[in-house]
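Report on one structure; see the data block that follows.
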There are 2 protein chains.
Amino acid sequence: MFDPVCPSDLTPIRFGDKWAGMIIRCLEDGPRRFSELRIPLRGVTAKVLTGSLRALERDGLIRRTVCAGPERRVDYELTPLGRSLLEPMAAACEWAEQHWDELLDAREASSLDRTG
Amino acid sequence: MFDPVCPSDLTPIRFGDKWAGMIIRCLEDGPRRFSELRIPLRGVTAKVLTGSLRALERDGLIRRTVCAGPERRVDYELTPLGRSLLEPMAAACEWAEQHWDELLDAREASSLDRTG
DNA sequence: CTGGATCCAAGTTGATACTG
DNA sequence: CAGTATCAACTTGGATCCAG
């Protein structure tokens, strides 16, 4: 799923911490539960995801809602500010896609310098 | 000088490592020497600046040129790829300027939550 | 289910001293 | 001038276990 965003951390552009960019994209289409977020973000532990979510909340990019009811359930959704971030993110993705090959070539060339 | 870029590391958007974004902006108007770069980047040590420059060079964003002559002199300049990064960087800066107040407000609000 | 607590490995940044 | 070497501090991400 996150191939188009940052295939191998190759692009020099990053949004927040390691998971912030992916979290924002996960929330793009509407609110998601804590456990829903853990599915696409394969490998993220609860603690780290909590940390990222708290940071995003502190910056006013997402809103955390504890839903009433018998079952414990917490929803996260983008605030208008968070949603506005999608624009520069799209610009960053476009740049990454356009210059993907050049980035790869540069890495290859510099690794060849070291070996030969 | 770097107030417009990232006044207090408040924006969630980052380019490369801590100094990469500033280095790129320093090279925007043409080649600069190692020691010239150290002026605006107050506080950066030679080792750290070297590390950032090497990383940018490896990614093909800047080119390093050792100038011939009696005095030791090394120039750094943006490659076309590095220059192309100025576009998404401008988009990021624009976003940061437009939403500066909201970011500040969010931080204030969350710090108030903690104190009272 | 949604985290908090604790511990830990790894990476990042920097201070300081030194070199061709 | 343009770095390199070494060491120390801090930050990050994660594993594991525990709790309301």
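A, B, ... follow the sequence lines: proteins, then strands. Residue 1 opens every chain.
With rounding to whole Å, B:W19 atom CH2 is found 10 Å from C:dT13 atom P. With rounding to whole Å, A:R14 atom CZ is found 14 Å from C:dG11 atom P. D:dG13 atom P lies 12 Å from atom CG of A:L49, rounded to whole Å.
The local environment of CD in A:E87 is sparse, with at most 12 non-hydrogen atoms from other residues, nucleotides or ligands closer than 6.0 Å.
The closest donor-acceptor contact from the side chain of A:R32 to the backbone of A:D75 lies at 3.5 Å or more, if one exists at all. With hydrogens and angles disregarded, no donor-acceptor distance shorter than 3.5 Å links the side chain of A:R73 to the backbone of A:A68.
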### Task
For nucleotides 1-12 of chain D, just jot down a letter per nucleotide in 5' to 3' order: B, S or -, based on protein non-hydrogen atoms under 4.0 Å.
BSBBBBB-----
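The pair B:R107-A:D59 meets the salt-bridge criterion, since a charged nitrogen lies less than 4.0 angstrom from a carboxylate oxygen.
Between A:R25 and A:C93, the shortest heavy-atom distance links the atoms NH1-SG, 3.6 Å.
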